[in-house]
Amino acid sequence: MPLSAAAALAREVIAPCPRNTPALTRAEAETLLAAIPNWTLSPDGTLLLRSCVLPDFANAYALVERIAALAEAADHHPDIAFGWGYVRLTLQTHSIGGLHRNDFIMAARIETLPH
Ligand SMILES: C[C@H](O)[C@H](O)[C@H]1CNC2=NC(N)=NC(=O)C2=N1
């Protein structure tokens with residue numbers, strides 16, 4: 001069975017991003033977004049966003065812990081807000097002030113978690 005686009009993206013390597021790397025254009029970001037349909041772009045196209053609904057605080061916190069472990073392993077870290085029944089994620093490559101393929105790889109890895 002062929003890998004889904006999300007699973008294939010999740011398996012790509014997250015490589016260090018030099019500061020002079022151009023951020024993805026909106027058109028490039030929208031193409032990659034097709035692989036991770038639970039995510040959206042911010043209106044200015046510089047952030048990748050996802051909200052997750054969980055049954056309660058403990059489940060939200062447990063998801064945050066799993067995401068944090070993935071982020072540490074990849075050295076690529078989402079901003080995370082959470083509370084009772086929700087987790088909100090924001091991804092950006094800070095060093096370039098916009099989106100890089102690494103953000104989409106990280107988002108696809110987060111999609112591999114049960115939630
Ligand atoms: C030194 C280290 O690789 C960098 O500071 C990493 C860490 N995690 C990161 N996470 C995100 N989201 N963007 C970055 O630019 C970034 N840079």
Side-chain angles (χ1 to χ4, degrees):
M1 192 171 73
L3 281 179
S4 71
L9 198 53
R11 289 178 184 212
E12 290 186 24
V13 172
I14 294 182
C17 174
R19 285 186 179 271
N20 59 357
T21 306
L24 295 177
T25 64
R26 172 172 282 278
E28 289 167 337
E30 282 175 356
T31 299
L32 283 168
L33 202 58
I36 46 168
N38 291 324
W39 294 75
T40 59
L41 296 179
S42 60
D44 69 359
T46 67
L47 302 170
L48 190 53
L49 309 167
R50 169 147 196 205
S51 293
C52 309
V53 175
L54 285 304
D56 54 26
F57 187 87
N59 277 275
Y61 180 61
L63 177 58
V64 168
E65 286 194 309
R66 290 195 294 262
I67 293 168
L70 282 183
E72 281 289 272
D75 195 24
H76 199 70
H77 304 86
D79 289 352
I80 306 175
F82 79 103
W84 195 97
Y86 73 91
V87 175
R88 285 196 286 269
L89 302 168
T90 304
L91 274 161
Q92 184 187 65
T93 297
H94 306 134
S95 54
I96 62 171
L99 291 172
H100 182 273
R101 193 174 184 91
N102 287 346
D103 297 301
F104 290 84
I105 299 170
M106 196 63 220
R109 289 186 188 177
I110 291 169
E111 291 307 294
T112 67
L113 296 172
H115 60 282

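Atoms within a ligand are numbered from 1 in the order they appear, just like the ligands themselves.
- Proximity of Ile36 to Arg50: side-chain heavy atoms (C-beta onward) are nowhere separated by under 4.5 Å.
- No side-chain donor-acceptor contact under 3.5 Å links Thr112 to the backbone of Ala108.
- Within 4.0 Å of ligand 1, heavy atoms belong to protein residues Asp75, His76, His77, Gln92, Thr93, His94, Ser95.
- With rounding to the nearest 0.5 Å, the separation of CD1 in Ile14 from CZ in Arg109 is 4.0 Å.
- Around CZ of Arg66, the count of heavy atoms belonging to other residues, nucleotides or ligands within 6.0 Å exceeds 12.
- The 12-atom threshold is not exceeded at OH of Tyr61, counting heavy atoms of other residues, nucleotides or ligands nearer than 6.0 Å.
- For Thr21, the side chain to side chain contact (heavy atoms under 4.5 Å, CB included) test picks out Cys17, Pro18, Ile96, His100, with sequence neighbours left out.
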